[in-house]
Every structure is written in structure tokens, then in C-alpha cells.
There are 2 protein chains.
Amino acid sequence: MATSDSLIRALRNAGMRVTAPRRAICTVLADPDNGHLSAPEVQGAAQIVLDAPIDLSTVYRTIDALQEAGVAHHVHLGPGASVVHLTEEEHHHHLVCDVCGRTVDLPLEDLDSLAVLLRRHGYRPDTVHFAIVSRCREHPA
Amino acid sequence: MATSDSLIRALRNAGMRVTAPRRAICTVLADPDNGHLSAPEVQGAAQIVLDAPIDLSTVYRTIDALQEAGVAHHVHLGPGASVVHLTEEEHHHHLVCDVCGRTVDLPLEDLDSLAVLLRRHGYRPDTVHFAIVSRCREHPA
DNA sequence: CTCGATGCAAAGGTTTTGCACCAGG
DNA sequence: CCTGGTGCAAAACCTTTGCATCGAG
């Protein structure tokens, strides 16, 4: 599990500054109660943590910073905003319903064959993220 | 392979009208030389085919119509616009590089185990679309 | 003729960027 | 200090929607 501190440390190690807004954003991202949040959602939660307004552009730039520090990705799961995904989280799928957008997380362990396939194409399986778009039980074609 | 005619026929069968802009859009989508195009890209190509301007909203509404007719999906592969994916195409993965956005198509046959997994979660494997975001050989972490 | 599709315009949401100011190291 | 982060504002995108008009069936 990535902790708020490990994210902060990653920023510092990458030669970046640690500010109050960034601390709040890292706290939000590291909270296991939060699922995959979009940038506007991160803004809302971080403002509560900090008890002060944080600009959306700051959120995006912080996400970029975390990405450059190698501890986060942002991924598009469907229509609407993209969500933030921590690199150090246990890797998993996202099964997304085409219609209702409901997301199911799947552990990666069932899919060792996939790692082999990825490597065959020169991709690095350890940074893999999955977004599988399909239809859930309640929304047949 | 889906042909331009099969797309047109699908529209007609669904009780929808076939117009000049729609014909041009279907021609573009059915062209195997075209990869997965975003709506703005479809607009550009279709305008050349038709040799007349086509409104972006018309492109979006036509994509919606094809989706309702069951012959197309639109999928978000990464940052930026979503792309159109024909249902009758052979199903495949999209391996997307996090950094450069380069996409590799993978045949589905290697991944029968995935279909089982999806079914176990109540998803319908025949409408599956894959977007796997990772890093390609030229962009290590 | 009738209903659906088109184009135009406007609006909504996400994401990016320029710039002056402030603060972390 | 000095560089990099912040907030504010504006803009760039993608996408959706309302409405009058046009044209397919």
C-alpha cells in the first residue's frame, strides 16, 4: 500500500517541493477508502482535508508531478473524467460497464498469461493498467 | 470485415435514414486503411469523401446511431478523444503506451481465459473491448 | 407529407496554459 | 534568495443539446 508519506517522499526525491496543497492531495490519493478519483473529485476531497480552496490546475499539476515521480498514472476508464491510479497499488483490472459505468476491480493474479503476452510486445507488465469495457449483467445489448 | 454497405444496411434495418453525410461517415469507418479514429478525425476524413462540410455534431449523432444499430462502439483509449470501434471487426486488444500513445492491436484468441473471467462477473464477453495502458519498449519508467 | 437528420450556435465538462505572486528549500 | 508552486483567468478540446430548416422515405 502506498501511504501519504511515501507519495510525499517520492516528490521530494524527485527534487520537487512539498506544499500544503500537495500534502492534502497525497493524503486523499493514499486513502484506501477512496476508489479511483477524477481530478475534480480529488480537488473536492483535498479541499476538505486542507480546509482551504485548492485550484483545479494545481490538482492537475500535482497529478502530473506524481506521475513524473513515478508513483501515479491517470487513466481513462470511460466517458467523462480520467481517474488517478497509484502505481504502488496492487495491480488490478477495471471492468467497466458500457452503459452504467459501474466498475468492478479484478485482482491480477488470474491473468499471468497476460503478462507474458505484454512482454512479447515489448511492454512492461509491472506498469500495466487494465480497462476492460463491456456490459454488466443488468445491461444486456 | 464490416463493409460500408453493411453499416448502411444496419442503419436502414434499425429504421434510420440514410443520408449523404452518413454514407460518407460509414465509408470512412469501414475503410481498413483507417485505424481507430476519433470523432474529429472521422469528420475530417468524411468531409474529404463527401467533398462538402459535415458538422461535428452530425458525426457524433451518426456514431450514436451506429451504436444503437449495434455495429459500433466508442471507446476511450487514452487522453484526448475517444475512438470508434466497429463491432463486427474481429475483437482485439488495444495496447496503449502511457507516454507516446502508440497503440498495438492484439488478436483476442490468446486470451480465452479472459472471457471466462468476464463471464464469472456477469459481463458479456462478446461485446468486450480492451484497452490496456502500459509503457512500450521505448518509454521505460 | 411527415418525421428524422442536418447545420448552426451555445453550453457543459475536462484539461491546459500564461502570468504575476508567494513560499519552500 | 531563487526557483518552482499557486491561484486566477482564459483558452483549447471534446461532447452534448436546442432549434429552425431541409430532405429521405
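Here is how names work: the chains are called A, B, and so on, in the same order as the sequence lines, proteins then strands, and each is numbered from 1.
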Q: For the pair B/Leu66 and B/Leu29, evaluate side-chain contact (heavy atoms from CB on, under 4.5 Å) and give the outcome as yes or no after the intermediate values.
A: CA-CA 11 Å; B/Leu66 290 168; B/Leu29 292 180; 3.5 Å; yes
Q.
Evaluate A/Asp55 against A/Ser57 for side chain to side chain donor-acceptor pair (under 3.5 Å), listing each step before the verdict.
A. CA-CA 5 Å; A/Asp55 197 78; A/Ser57 62; 2.6 Å; yes
Q: Applying side-chain contact (heavy atoms from CB on, under 4.5 Å), run through B/Arg22 and B/Ile8 and close with a yes or a no.
A: CA-CA 8 Å; B/Arg22 292 192 164 183; B/Ile8 298 282; 5.5 Å; no
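For the residue pair A/Val84 and A/Ala72, the shortest heavy atom distance occurs at CG1-CB, 4.2 Å.
Going from atom NE2 of A/His85 over to atom CD1 of A/Ile63 covers 13.5 Å, rounded to the nearest 0.5 Å. Here the CD1-CG distance, from A/Ile25 to A/Leu7, works out to 11.0 Å after rounding to the nearest 0.5 Å. A distance of 11.0 Å separates CD in B/Gln43 from OG1 in B/Thr62, rounded to the nearest 0.5 Å.
Hydrophobic clustering places A/Tyr60 together with A/Val28 (ILVMFWY residues linked when any side-chain heavy atoms are closer than 4.5 Å, directly or through intermediates). Both A/Leu56 and A/Leu37 are members of a single hydrophobic cluster when ILVMFWY side chains are connected at heavy-atom separations under 4.5 Å. Hydrophobic clustering keeps B/Val42 apart from B/Val18 (ILVMFWY residues linked when any side-chain heavy atoms are closer than 4.5 Å, directly or through intermediates).
Taking every heavy atom of residues 16-25 of chain A and every atom of DNA chain D, pairs under 4.0 Å involve A/Met16, A/Arg17, A/Thr19, A/Pro21, A/Arg22, by number.
One interatomic measurement links the two molecules: CG of B/Leu50 to P of C/dA5, which rounds to 17 Å at whole-angstrom precision. The CD1-C1' distance, from B/Ile63 to D/dT15, rounds to 11 Å in whole Å. One atom, CD of A/Gln43, and another, P of D/dG7, lie 10 Å apart when rounded to the nearest Å. Atom-to-atom, CG of A/Leu11 to P of D/dG4 comes out at 15 Å; the value is rounded to the nearest Å. Atom-to-atom, CD of A/Glu41 to P of C/dG13 comes out at 14 Å; the value is rounded to the nearest Å.
Annotation: side chain of A/Cys26 is in contact with side chain of A/Leu11 (closest heavy-atom distance under 4.5 Å).
Two end axes, each from the C1' atoms of five base pairs, can be drawn for the helix from C/dC1-D/dG25 to C/dG25-D/dC1; they diverge by 40°, to 10 degrees.
Phosphate proximity of D/dG25 to B/Arg12: present, with a side-chain N or O under 4.0 Å from OP1 or OP2.
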Q: Sugar-phosphate means primed atoms, P, OP1 and OP2; the rest is base. With that split, encode nucleotides 8-14 of chain D 5' to 3' as B, S or - using protein heavy atoms under 4.0 Å.
A: B-----S
